[in-house]
Amino acid sequence: MPPIIPQDRSYMAGVPEQWGQDFGVTKEGLFTGENPRQFVVDMPVALSQTLAAYTAVGLDASGNIVRAVHSTTPAIGIIMFPVTTGASGALPVGRILRGGCVNPDVIVWDASYNTPERRLEAFNGAPTPTQIVVRGLSSFTPVLP
């Protein structure tokens, strides 16, 4: 029997995947398309923050990651892993999704994003390198790993 050679998935480093052993289970994923290409960057998280995985985030006046709030802190990305910071000390680094086609039903939104229109336009006008498109699942929408 030939040896099993694992597939090179280094390009997916930092992007969570969905695995399961139950057949017939449908779970909506974060990604709903291939374009724009998915990529993450490491950015410092502001002090005194509690951010759940997949929270829409923006930047404070110092350029640190905080929860995005409509009209005051525009969304620039999505934090990929939960982070809780203290009131003092070194700033931890968070993995921030800055590119991809994402499902608005999976993102953790601030209460100010209370309409579908606000959610669809959350990342419009975000600074470079953000390239996030918000698109929900529909018929024939591929759900990527």
Side-chain angles (χ1 to χ4, degrees), residues 6-145:
Q7 181 183 16
D8 179 16
R9 296 186 52 84
S10 60
Y11 67 92
M12 292 292 290
V15 178
E17 295 182 316
Q18 297 177 4
W19 290 89
Q21 296 181 2
D22 297 328
F23 293 100
V25 175
T26 303
K27 185 174 181 181
E28 293 181 353
L30 176 63
F31 300 107
T32 56
E34 296 179 1
N35 291 311
R37 182 129 175 103
Q38 305 156 11
F39 69 95
V40 295
V41 295
D42 292 336
M43 301 179 75
V45 178
L47 297 175
S48 301
Q49 298 294 309
T50 300
L51 302 170
Y54 307 136
T55 298
V57 294
L59 300 173
D60 67 5
S62 301
N64 300 319
I65 294 297
V66 295
R67 179 182 301 275
V69 178
H70 186 266
S71 297
T72 60
T73 309
I76 60 105
I78 299 166
I79 195 159
M80 299 304 289
F81 302 100
V83 173
T84 300
T85 61
S88 63
L91 297 176
V93 172
R95 300 214 82 168
I96 310 300
L97 178 76
R98 297 292 301 264
C101 185
V102 298
N103 184 351
D105 297 332
V106 176
I107 299 172
V108 178
W109 300 99
D110 180 76
S112 62
Y113 289 99
N114 54 2
T115 65
E117 293 78 18
R118 285 186 176 180
R119 292 176 179 186
L120 288 175
E121 298 173 356
F123 299 97
N124 290 356
T128 293
T130 297
Q131 297 176 359
I132 294 180
V133 174
V134 178
R135 181 179 72 199
L137 292 173
S138 60
S139 296
F140 306 109
T141 298
V143 178
L144 304 174

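Both backbone and side-chain heavy atoms feed into the values below; hydrogens, waters and symmetry mates do not. Only a predicted model underlies this, so the values are computations on that prediction, with no experimental measurement involved.
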Participant: Distance from T85 atom OG1 to N64 atom CG, nearest 0.5 Å?
Facilitator: 9.5 Å
Participant: Which one of V66, I79, V83, I65 satisfies the side-chain contact (heavy atoms from CB on, under 4.5 Å) criterion with T55?
Facilitator: I79
Participant: Any idea which heavy atoms bring P44 and G63 closest together, and the distance?
Facilitator: CG-O, 4.5 Å
Participant: Give a yes or no answer on whether the side chain of T73 reaches the backbone of G58 with a donor-acceptor pair at less than 3.5 Å.
Facilitator: no
Participant: Just to verify, what does F123 make a ring-ring contact (aromatic ring centres under 6.0 Å, His included) with, not counting sequence neighbours?
Facilitator: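 Testing F123 for ring-ring contact (aromatic ring centres under 6.0 Å, His included), a comparison that skips the adjacent residues, returns none.
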Participant: To the nearest 0.5 Å, how far apart are CD1 in I78 and CH2 in W109?
Facilitator: 6.5 Å
Participant: Specify the closest pair of heavy atoms between A68 and Y113, including all atoms of both residues, with the distance to one decimal.
Facilitator: O-CE1, 3.7 Å
Participant: Between atom CZ of F39 and atom CD1 of I96, what is the distance when rounded to the nearest 0.5 Å?
Facilitator: 12.0 Å
Participant: Is there a donor-acceptor contact under 3.5 Å linking the side chains of D110 and S112?
Facilitator: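 The criterion, which ignores hydrogens and geometry beyond distance, is satisfied for S112 and D110.
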Participant: Supply the atom-to-atom distance L97 CG to T130 OG1, rounded to the nearest 0.5 angstrom.
Facilitator: 9.0 Å
Participant: Please name the pair of heavy atoms, one in D60 and one in A46, separated by the smallest distance, quoted to 0.1 Å.
Facilitator: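 Distance-wise, the nearest heavy atoms are OD2-CB, 3.6 Å.
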Participant: Nearest heavy-atom pair of V133 and P36: which atoms, and what distance?
Facilitator: CG2-CD, 3.5 Å
Participant: Which atoms form the tightest heavy-atom contact between P129 and R98, and what is the distance?
Facilitator: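 Between these two residues, the closest heavy atoms are CD-NH2, 3.3 Å.
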Participant: Do N114 and H70 have side chains that approach each other closer than 4.5 Å (heavy atoms only, starting at C-beta)?
Facilitator: no
Participant: Any donor-acceptor pair under 3.5 Å linking the side chain of T32 with the backbone of G136?
Facilitator: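 No.
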Participant: Quick one: do N103 and L30 satisfy side chain to side chain contact (heavy atoms under 4.5 Å, CB included)? Show the steps, please.
Facilitator: CA-CA 5 Å; N103 184 351; L30 176 63; 5.6 Å; no
Participant: Please examine the side chains of V57 and M43, heavy atoms only from C-beta on, and report whether any two atoms are closer than 4.5 Å.
Facilitator: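 Of all side-chain heavy-atom pairs linking V57 with M43, none is under 4.5 Å.
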Participant: Between the side chain of R135 and the main-chain N/O of C101, is any donor-acceptor distance below 3.5 Å?
Facilitator: no
Participant: Side chains of V40 and M80: does their closest heavy-atom pair fall under 4.5 Å?
Facilitator: yes
Participant: Looking at every non-hydrogen atom in both residues, tell me the closest pair between A75 and A122 and how far apart they are.
Facilitator: CB-O, 3.6 Å
